[in-house]
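Indexing begins at 1, ligand by ligand and atom by atom, following the structure's order.
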Amino acid sequence: MTERDSVDAVIVGAGFSGLYQLYRLRELGLTTRVFEAGDGVGGTWYWNRYPGARCDIQSLSYSYSFSPELEQEWDWTEKYPTQPEVLRYLNHVAERFDLLPHITFSTRVVSAHWDDNARCWAVSTDSGESVTAQFVIMATGALSAPKLPEIPGIERFRGRTHHTARWGKDEVRFDGLRVAVIGTGSSGIQTIPLIAEQAADLTVFQRTANFSTPAGNRPLGPAEVAEMKSSYPAWRAAQRTSFSGVPAELPTQLALSVPEAEREATYEAGWAKGEIVSLVSCFADILFDPAANETAAEFARAKIRAVVDDPDVAEMLSPRSHPIGTKRPCLDTGYYETFNRPNVHLVDLRETPIVEFTNAGLRTTDAEYDFEAIVFATGFDAMTGALNAIDIRGRDDLALADEWHAGPRTYLGIAVAGFPNLFTITGPLSPSVLSNMVVSIEQHVEWVAECIAFMRAHGYSAIEPTAEAEAQWVQHVAELGALTLFPTADSWYTGANVPGKARVFLPYFGGVGTYRQTCDDVAAGGYQGFTLTPAGQPAPA
Ligand SMILES: Cc1cc2nc3c(=O)[nH]c(=O)nc-3n(C[C@H](O)[C@H](O)[C@H](O)COP(=O)(O)OP(=O)(O)OC[C@H]3O[C@@H](n4cnc5c(N)ncnc54)[C@H](O)[C@@H]3O)c2cc1C
């Protein structure tokens, strides 16, 4: 067998996770192949090229910390960088660390089957290539499997269609067109103001009104960047032990324990910060107590009423179906103001659902609409979608998708019982989407690299969580989630946006710092909760 056919590790995906995992495994001396469905690096920042696509964690925090040289040489230009800027950064990383030669682009991994006798994975791609590898690291992304709305007849529509997460590389203009945007989650909220500026007429179809805070985006001054660069080591250390991956003092006061005027002033100060956690981080009980939550929600609704001229439109835009913070919070630049434009209309799909697409547009229960372009801002099959799309089979031909039928089961969100030597970066039941994901990605990647180094140093050929450790972790994550208001919302955090998907609160809510400590303790204890198989011995039954 040639080295090309057999490697130490296969990494699936070349976004923030895959690039850094490759870097770390190469440092360990492992032969590694990366397969990436796109024709370039970047993952999220490669695919999501829609107008307005932007990061909503501040650039100086949403970046790698593993290389002090990289930190010093890269200059972020805005508080919240645009998609092209983050993509430039990731291309720079790939080139600077000479990662590209190890990556096979435009190639999708379709299956990964564990061979218990050979103690390795057989990985197959849609280009017909097969590779065997001792380790497989799924860096497939928590938000990388886009979904369309479940409405019949999409193929009938004769105009242009675009999905925000599959935007082409060529510039897309909407000048003079009648355009529909379906979906008002984070991507919809980012793109609607820009499409409205171009389109002759824009109709926004909203199923769920979402809470959004003005981003207050601005260019970064040289002094601010220099100041951050000089304090990176301390900042990064604080990120790693923080709750969300962004250093911040956690609130201790309860919303209803302070006088109303003080509460409002606290919300005003939070609002002015322009962060996704602007309001939910004002008081300690917002995500736990419905009455406390309602004070923050009503503050946000009042802000919408203050901006939107038409009171009926303002009410339609005011979220009432879920507690604030329990769906992915959004940041915007001029979102609510957009609905004051004469060329922008809002349709409430809870009142008048879409029945079908037509040749010329779509039909709701109330009216027929003609469009030249339809934009789907309909999100993702989050956290499990990209993993379940691959035919992953572990010991005894166990299929991961079957194992996860009633919801994902993982140990620490990073490994699965029955699937030796398989790791999932920011997998389900880890902090993942509830955190600054670059911090969580670095932590997972480093943990995996250290685990592999440990195995090599001690002569182990396979590692796999025990069913007991996995069951305890699944229960722990569910119990933590149940303390919060998150499970009450129909959101992609709970799988509710995908018909038939098990309703499980998918991320771990214990905080980035606590989670890191748990993972470190597991490793320091000789990989507690895992079974390690010495090379040459049969795998555990
Ligand atoms: C529009 C948008 C904005 C976001 N903003 C933020 C933010 O502000 N802050 C934050 O913390 N997070 C944000 N996120 C989350 C973001 O996904 C992560 O921060 C991070 O980019 C994830 O990196 P990743 O490498 O883990 O996954 P991804 O970037 O999703 O990369 C996964 C890669 O795997 C590839 N892949 C998947 N399956 C296969 C397969 N079978 N074969 C081959 N290749 C495959 C995909 O093509 C993709 O390129 C945002 C997400 C979106 C969609």
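- Taking the side chain to side chain donor-acceptor pair (under 3.5 Å) definition, one finds that T384 meets it with K501, sequence neighbours left out.
- A cation-pi geometry, defined here as NZ or CZ lying under 6.0 Å from the six-membered ring centre and within 45° of its normal, holds between R49 and Y46.
- Within the structure, salt bridge (charged side-chain N to carboxylate O under 4.0 Å, His left out) pairs that include any residue of residues 93-114 comprise E73-R96 (at least two apart or interchain).
- With W492 as the aromatic partner, R328 does not meet the cation-pi criteria of under 6.0 angstrom to the ring centre and within 45 degrees of the ring axis.
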Less than 3.5 Å apart, N/O on ligand 1 and N/O on the protein: could you list those pairs with the distances?
unit_1	atom_1	unit_2	atom_2	d
ligand 1	8 (O)	D56	N	2.6
ligand 1	8 (O)	D56	OD1	2.7
ligand 1	8 (O)	I57	N	3.3
ligand 1	11 (O)	M437	N	2.8
ligand 1	17 (O)	T44	OG1	2.7
ligand 1	19 (O)	Y62	OH	2.5
ligand 1	21 (O)	W45	NE1	3.4
ligand 1	21 (O)	Y62	OH	3.2
ligand 1	25 (O)	F16	N	3.1
ligand 1	25 (O)	S17	N	2.9
ligand 1	25 (O)	S17	OG	3.4
ligand 1	26 (O)	S17	OG	2.6
ligand 1	29 (O)	T44	N	2.7
ligand 1	29 (O)	T44	OG1	3.2
ligand 1	30 (O)	T44	OG1	3.4
ligand 1	41 (N)	V109	O	3.0
ligand 1	42 (N)	V109	N	2.8
ligand 1	44 (N)	A37	N	3.1
ligand 1	47 (O)	E36	OE2	2.7
ligand 1	47 (O)	W47	NE1	3.0
ligand 1	49 (O)	E36	OE1	2.8
ligand 1	49 (O)	E36	OE2	2.9
ligand 1	49 (O)	W47	NE1	3.3

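- Using modelled atom types, no side-chain atom of T191 and backbone atom of S187 make a donor-acceptor pair closer than 3.5 Å.
- With sequence neighbours left out, T426 forms a side chain to side chain donor-acceptor pair (under 3.5 Å) with no residue at all.
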